[in-house]
Amino acid sequence: MSLKDKASRIKFPMGNVSATPASSDVSDSKTKTAPGAMMAFANDRRSDMLKENEELKKKVESVDLIQARLDETLGELRQWEGAKGVRPLDPQLIVRSKFANRHELNFEGAEFAALKDEIASAGRNIQPIKVRPIKDKTGAVLYEIVFGHRRHEACRQLGIPVQAIVDNLDDQSLFVEMDRENRSRKDLSPWEQGVMYQKALNDGLFPTLRKLADALGVDAGNVSKTISLAELPEAFVQAFPSPLDLQHRWAKPLRDAFSANPAACLATAKKFRGLTTKPSAAEVYAALVAAGSPRITPTHQETPIHIAVGKANIAKISHGKSGETVVRFEVALDEMKTLALADFIRQLIAS
């Protein structure tokens, strides 16, 4: 069969046929063209990118909010920078520092009893002590007191844990913190301070007295005076009712007396040391200074001093063969007058 015959057999539908194709057909035909497909793809990508931008913008806003909160939190934390936490420790695991500046006598008396009662009432030491971790010979961890010896002792006696701040400090930092904290609380006695400063210098913690004073922020002259007290002979210290009674202003006179006549001073100190009930610190000081003072050698021209009340001689002052001063009363004194006289002589010698 020829091509012409085949063509003649094709049947076409009849009816109203528009010359213009339907809109859907146009649309379909357009999308099926390469330029149309590219435009559609570009529009879809633009829509996706807009959505992504919106999502990224929201995420950035969220990050900015988190950063602002983080900055605020960090600012609050900076206020506590360097702060150490407080923890309860077994007082049996805590030892006195080798630079301890509190004499055992600080753990006696009414003031310590009041501190102990206060801690017992609260059930703990409200103000924590400070310690640093150390190891004993076996390698076990102990804690050395930086400051708070009296609070630790009170808790130890009460059998309750000690509230403590644990910090890693070297020897010099420990020494400086101990001294400053204790001076801001109950002042150490001059003798206690002297022993502490002397220990620091002997251990080479500071190269000079001046460097020690600068590190502590104290007067170098006062440091020197307190060390002078700490360097007094042990017999001198034991002659006093308590070493805590020794005063700054006594350092030089006591050292001068010992330099002038060490034998006499030591003999006097030993007499006081052996007494069960000792005189006051001022009386001991006066006696030690007097023991080192040069003896008065009487001269032939010296005449006794007579003390008269009205026309009656009541007393005579003279010097003995060894230069001692002798007061002889020609009248009897009752007990009250005798005590008043003793008090006057005590004040006279001490001044």
Side-chain angles (χ1 to χ4, degrees), residues 105 187 189-194 219 221-351:
L105 289 173
D187 285 342
S189 71
W191 180 80
E192 285 176 305
Q193 284 182 325
D219 181 70
N222 286 337
V223 173
S224 179
K225 289 179 182 178
T226 57
I227 291 178
S228 293
L229 285 176
E231 291 176 342
L232 288 172
E234 183 64 20
F236 269 39
V237 176
Q238 293 178 357
F240 287 87
S242 166
L244 308 185
D245 295 331
L246 288 162
Q247 301 178 26
H248 279 121
R249 59 190 178 89
W250 291 354
K252 188 177 184 305
L254 286 173
R255 287 180 64 85
D256 290 347
F258 181 72
S259 297
N261 198 336
C265 287
L266 289 175
T268 302
K270 289 178 181 178
K271 289 179 181 179
F272 285 117
R273 186 177 58 185
L275 295 177
T276 303
T277 302
K278 295 181 180 180
S280 68
E283 290 175 301
V284 174
Y285 164 75
L288 290 173
V289 171
S293 299
R295 299 292 184 177
I296 300 174
T297 303
T299 63
H300 294 292
Q301 290 78 20
E302 180 186 20
T303 57
I305 298 174
H306 294 277
I307 302 173
V309 174
K311 296 183 178 180
N313 289 327
I314 60 167
K316 180 177 69 173
I317 303 175
S318 59
H319 291 96
K321 294 181 179 180
S322 301
E324 70 274 15
T325 300
V326 179
V327 181
R328 178 181 176 82
F329 285 87
E330 305 295 338
V331 295
L333 300 178
D334 59 26
E335 183 178 2
M336 292 299 295
K337 289 181 178 179
T338 301
L339 291 174
L341 175 63
D343 187 58
F344 171 76
I345 293 174
R346 186 181 301 114
Q347 294 182 38
L348 177 66
I349 299 299
S351 64

Distance col, row Phe329:CZ vs Ile314:CD1, nearest 0.5 angstrom, shows 7.0 Å

Exercise. Given side chains that start at C-beta, do those of Ile307 and Ile317 come closer than 4.5 Å, heavy atoms only?
Worked result: yes

Is the shortest side-chain heavy-atom distance between Leu266 and Pro233 below 4.5 Å? yes

**Message:** Set out, in order, the CA-CA distance, both residues' side-chain angles and the distance that settles side chain to side chain donor-acceptor pair (under 3.5 Å) for Glu335 and Thr338, then state yes or no.
**Reply:** CA-CA 5 Å; Glu335 183 178 2; Thr338 301; over 6 Å; no

Would you indicate whether the side-chain heavy atoms of Leu246 and Phe240 approach each other to under 4.5 Å? yes

Closest heavy-atom pair, Pro241 versus Pro279, reported as atoms and distance to 0.1 Å, is CG-O, 3.2 Å

Practice item. Could you walk me through whether Lys316 and Val327 pass side chain to side chain contact (heavy atoms under 4.5 Å, CB included), step by step? Key: CA-CA 6 Å; Lys316 180 177 69 173; Val327 181; over 6 Å; no

In terms of heavy-atom contacts, Asn313 and Glu330 come closest through O-CB, 3.7 Å

Tightest non-hydrogen contact, residues Val237 and Pro243, listed as CG1-CB, 3.6 Å

Between Thr226 and Val223 the two heavy atoms that sit nearest each other are OG1-O, 2.8 Å

Ala260 and Gly292 have their tightest heavy-atom pair at CB-O, 3.2 Å

Can you check whether Asp245 reaches Trp191 side chain to side chain, under 4.5 Å on heavy atoms?
no

Original post:
So do the side chains of Gln193 and His248 get within less than 4.5 Å of each other, counting heavy atoms only?
Top reply: yes

The reported gap from CG in Asp256 to CG in Asn261 (rounded to nearest 0.5 angstrom) is 13.0 Å

Practice problem: Give the intermediate values and the outcome of side chain to side chain contact (heavy atoms under 4.5 Å, CB included) for residues Trp250 and Leu288. | Solution: CA-CA 11 Å; Trp250 291 354; Leu288 290 173; over 6 Å; no

Hits for side-chain contact (heavy atoms from CB on, under 4.5 Å) against Ala239, two or more places apart or cross-chain, chain-then-number order -> Ala269, Phe272, Val284

Leu254 and Val289 have their tightest heavy-atom pair at CD2-CG2, 4.1 Å

Less than 4.5 Å apart, any side-chain heavy atom of Glu231 and any of Arg255? yes

